[in-house]
Amino acid sequence: MTITNTQKLTLHKLESLLLSACDELRGKMDASEYKEFVFGMLFLKRANDKFVEQRNTLRKEYETKGMREDLIQKQLVNPARYDYFVPPIARWTLKDDEKQTLQNEEDEDKRDFKGILHIKKNVGSGLNKALAAIEDAKPEVLEDVLKSINYNRKVGKKTIEDSKWISFITKFDKIPLKDEDFEFPDLLGAAYEFLIKYFADSAGKKGGEFYTPSEVVALLTRIIAPKEGMSIYDPTVGSGGMLIQAKDFVLENGGNPRDLSLYGQEDSGTTWAICKMNMILHGVRNADIRNEDTLKSPEHKAKDGSLMTFDRVIANPPFSQNYSKKEMKFPERFHTFMPEGGKKADFMFVQHMLSVLKNDGKMAVVMPHGVLFRSGDEKECRAEFICRGILEAVIGMPSGLFYGTGIPACVLVFDKKEAKDRKEILFINADREYKEGKNQNKLRPEDIEKITNTYFSKTDIEKYSRLVKVSEIQEEDYNLNIRRYVDNSPDAEPQNVKAHLNGGIPAEEVAHLEPLSEAFFGVNDEIFKKRDEDLFDFAEEILGKEVIKEYVEQSPKIEHLYETYRDKINTWWEERGEDFETLPNSGNAALLRKKVMPAIIEELNDLKALDEHEIRGAFAGFWDDLKPDFKSVAASGWGPELIPEMDILQSQFPEVLEQMDADRNRIAELENLFDAAEAEDYEDEDETGVLTKENVKELKARLKEVNANLKTFKKQQKEYKAALKVLEEANGDISEINELKEKIGELSNKKIPATESKKLQIDAHLKKHNALSKDLKDLKANLKAAEAKKDTLVDAAREKITEPEAKALILDRWLELLQTRYKAYVKAFVNEYISAVQNLQVKYSITLKDILQERDTEAEQLNKFLKELGYEK
């Protein structure tokens with residue numbers, strides 16, 4: 001559905017529309033095969049919408065100045081007046097005068113061209129020509145970016161048919177991409193990043209070629225902390241996410257991102273083009289992105305031909321690659337050459353990065369763990385880094401964070417500033433702190449907060465971080481294996497012999513739970529009852545492990561804990577809510593986070609359930625989830641577009657949702673029945689009426705046979721009756737008359753009724769099955785119609801919402817989401833306590849004496865059986 005003029009495009013809506021367009025290409029193609037088609041079409045539609053918008057603005061400007069029409073027309077076709085001039089052959093739809101300009105073309109396709117939207121044959125060629133024309137109109141920016149996209153490329157053994165491209169174009173026609181359509185200025189860039197992640201997720205292992213998870217990028221960006229006026233360089237730039245986040249970091253910290261110089265280099269031509277488009281759609285005009293092998297030929301050079309140097313360098317190079325010295329430029333970059341084979345190029349990338357880092361610069365790079373401890377040339381390279389004092393920190397990361405590899409990685413932080421005085425290196429072992437995912441693990445907001453806070457404070461934290469003297473590392477022969485310096489292996493489970501013998505819970509293990517209990521206002525006192533100086537027992541109500549969870553969760557002290565956090569957050573909101581209310585006047589939503597976050601940390605820090613990293617992490621997660629909303633309000637005010645459609649439907653049209661849910665449930669039920677029917681050895685034990693496809697085929701064949709028999713029997717009956725009538729009227733032979741009567745009686749009383757009964761039975765089976773099949777088809781059609789109706793209802797309801805009403809609803813939703821976020825963190829803390837208590841119950845619930853007693857009882861029973869069987873006397 002095309003967005004109406006009164007409703008601006010939100011990020012969520014734009015993402016939905018783009019995914020709908022992707023649906024046209026999904027199927028036999030995987031994401032790595034069709035992503036360039038989507039990126040190319042997005043750029044083509046954006047260029048067209050932006051061109052039309054600028055052309056209308058220019059016309060109004062010239063008309064206001066009183067300029068003559070012929071001069072206006074001359075200016076409107078001047079490419080220099082536009083960000084991206086779109087030639088007629090590339091325009092989405094052409095006006096009559098624009099069609100006229102193509103009539104002198106030699107190419108028949110160009111003469112017949114009415115606009116991208118109206119191409120009906122040779123669509124792939126038309127799209128290729130359009131992209132080439134836009135690139136040729138702006139070669140200084142777009143050279144080789146768009147022409148590399150080929151809509152006639154074979155996918156499998158054939159090209160994509162015209163009908164598929166026509167549907168694809170139609171989907172994009174419903175996506176408005178003018179500046180005035182966007183809720184906030186960088187909305188298109190945010191949507192492009194969403195698509196990049198979507199394609200990386202879909203491509204799986206291949207996704208690692210062009211995408212680093214945004215959480216990892218956020219961590220590296222916060223570590224290097226770029227500032228306005230700096231130059232930032234990524235030698236393996238991929239899709240450009242690190243440079244974009246560096247720009248965003250400067251903005252979020254009150255700097256001017258336009259006063260930032262961005263540089264990148266990428267070996268893959270396809271990925272380089274994706275990066276270039278990423279920069280353009282983010283509005284980054286000055287990014288210098290080169291396409292070449294960085295180790296072989298670094299492309300960013302100063303005026304004197306030497307390599308440029310940068311304030312900040314950041315990268316996630318491809319892990320464990322080979323490289324070649326052949327034709328390598330600037331070999332002086334490397335003080336230690338790694339073997340060209342054996343996939344050991346990791347430190348070659350690091351050395352290159354260091355060679356272009358300014359003398360007061362800082363860099364962060366992702367590396368596989370092997371570089372920390374392998375011997376040979378890599379050891380020599382580590383020794384050089386350490387002895388020069390440029391290696392500042394080694395951060396161990398969880399496994400499974402990156403596309404294409406499950407191995408754990410590390411982050412190496414280098415800082416040339418004050419390197420000669422550096423005598424210690426910070427080790428952070430964060431490999432156990434992450435959120436486990438189905439396909440990939442993920443850094444949580446609190447993990448990023450803890451790593452960055454520890455890095456900047458250089459704090460020693462038991463089993464997590466430690467400042468290690470360089471002399472100690474030298475004694476370890478320059479081995480940087482993180483576990484040598486920060487071992488985060490879990491402590492051995494304590495065991496108490498007295499408790500194992502006699503039962504009860506050891507006092508020292510109950511005391512170990514006391515810090516957790518204090519956060520629950522002393523809930524230990526309700527759960528444990530003192531037996532003696534050394535042992536406790538569980539309260540009488542706790543009869544087993546399964547009771548503990550319910551007992552703890554129903555404790556008034558737990559509810560009091562939730563209420564305390566809820567009240568504290570409400571207090572903070574009452575004090576800081578005005579800052580959120582004035583977002584439309586702020587101009588920069590990012591600054592709000594820095595303004596309000598310290599207050600919520602102060603408000604919640606006195607409570608003991610969450611530590612400061614978790615408090616920061618919960619707020620950071622809340623902020624990241626709502627960042628598009630905050631940007632939208634800051635740029636466009638309190639628009640009803642930000643109210644989720646489910647909230648509107650639930651409040652205005654609950655009956656629609658109720659019916660849709662009922663239809664979905666019935667569809668799922670019927671689909672399960674039909675799927676089950678196709679299983680091997682299916683029997684309709686519940687008499688559902690659903691038949692297998694083979695059953696339906698057999699029944700239809702039987703029905704055809706039965707109908708034929710019935711027709712034959714009735715024909716015979718009719719013929720016999722006619723013959724009987726003739727014989728009776730002619731006083732014919734009595735035996736013949738009796739024989740005919742007997743045949744008619746058998747047909748009338750046996751064969752025809754039996755056959756009709758079979759027909760009714762088969763009809764009933766097929767009718768019941770067909771009714772269920774029709775019901776499923778109708779339900780799906782109804783649900784599809786309801787989905788379309790739902791959009792209309794939501795848009796109509798939004799039109800009626802006033803700005804004050806929208807503001808109140810949006811603010812209430814933000815507070816509710818913040819409360820939900822913190823409650824989830826507190827609940828995780830409660831579950832940690834419950835698990836610890838359950839562990840004690842399981843560990844000490846059965847005593848050694850119980851085991852011995854059970855053994856003796858079983859042995860006595862066995863001896864009794866043996867005697868009864870005569871094996872023992």
Item to complete: Measure the CD1-CD1 distance between I428 and I395 for me, rounded to the nearest 0.5 Å.
Response: 4.5 Å
Item to complete: Take E553 and K549 through the salt bridge (charged side-chain N to carboxylate O under 4.0 Å, His left out) test and state the conclusion after the steps.
Response: CA-CA 6 Å; E553 288 180 342; K549 180 176 177 63; 2.9 Å; yes
Name each donor-acceptor pair under 3.5 Å that joins a side chain in residues 807-814 to protein atoms two or more places apart or in another chain, with its distance.
from	atom 1	to	atom 2	distance (Å)
R813	NH1	D629	OD2	2.9
W814	NE1	D629	OD2	3.4

Any salt bridge linking [X] with [Y]? Criterion: basic side-chain nitrogen under 4.0 Å from a carboxylate oxygen.
X: D579; Y: K595; result: yes
X: K631; Y: E183; result: no
X: R821; Y: E816; result: no
X: E449; Y: R222; result: yes
X: K442; Y: E436; result: no
X: R483; Y: D431; result: yes

Worksheet item: Does S214 reach the side chain of Q245, with side-chain heavy atoms less than 4.5 Å apart?
Response: yes
Give the minimum heavy-atom separation between [X] and [Y], together with the two atoms involved.
X: R466; Y: D460; value: CA-OD1, 3.3 Å
X: I224; Y: M363; value: CG2-C, 4.0 Å
X: E252; Y: L591; value: O-CD2, 3.8 Å
X: A246; Y: I232; value: CB-CG2, 4.2 Å
X: P257; Y: L260; value: O-CB, 3.2 Å
X: F199; Y: C22; value: CZ-SG, 4.1 Å

Surrounding [atom1] of [X] (heavy atoms of other residues, nucleotides or ligands, distance under 6.0 Å), is the total greater than 12?
X: K823; atom1: NZ; answer: no
X: E550; atom1: CD; answer: no
X: E540; atom1: CD; answer: no
X: E541; atom1: CD; answer: yes
X: R258; atom1: CZ; answer: no

Discussion item. Tell me whether K827 forms a cation-pi arrangement with Y825, defined as NZ or CZ under 6.0 Å from the six-membered ring centre and within 45 degrees of its axis.
Written reply: no
Indicate every side-chain donor-acceptor pair of residues 559-568 with a distance under 3.5 Å to a residue at least two apart or in another chain.
from	atom 1	to	atom 2	distance (Å)
T564	OG1	H560	O	2.6
Y565	OH	A609	N	3.4
Y565	OH	L610	N	3.2

Donor-acceptor pair between [X] and [Y] side chains, under 3.5 angstrom:
X: S555; Y: E526; result: yes
X: N570; Y: Q819; result: yes
X: Y464; Y: E433; result: no
X: E655; Y: Q659; result: no
X: N524; Y: E518; result: no
X: E832; Y: S835; result: no
X: N429; Y: K463; result: no
X: E509; Y: Y844; result: yes

Worksheet item: Stepwise, does the salt bridge (charged side-chain N to carboxylate O under 4.0 Å, His left out) test hold for K458 with E392?
Response: CA-CA 10 Å; K458 301 295 188 290; E392 183 189 20; 3.2 Å; yes
Angle class for the [X]/[Y] ring planes (parallel below 30°, perpendicular above 60°, tilted otherwise)?
X: F520; Y: Y833; answer: perpendicular
X: Y403; Y: Y211; answer: perpendicular
X: F536; Y: F528; answer: perpendicular

Discussion item. Does K197 form a salt bridge (charged side-chain N to carboxylate O under 4.0 Å, His left out) with E193? I'd like the steps, not just the answer.
Written reply: CA-CA 6 Å; K197 183 182 186 308; E193 287 187 65; over 6 Å; no
Discussion item. As a quick check of understanding, evaluate side-chain hydrogen bond (donor to acceptor under 3.5 Å, both in side chains) for E228 and N253, giving each step before the final call.
Written reply: CA-CA 10 Å; E228 67 177 13; N253 286 273; over 6 Å; no
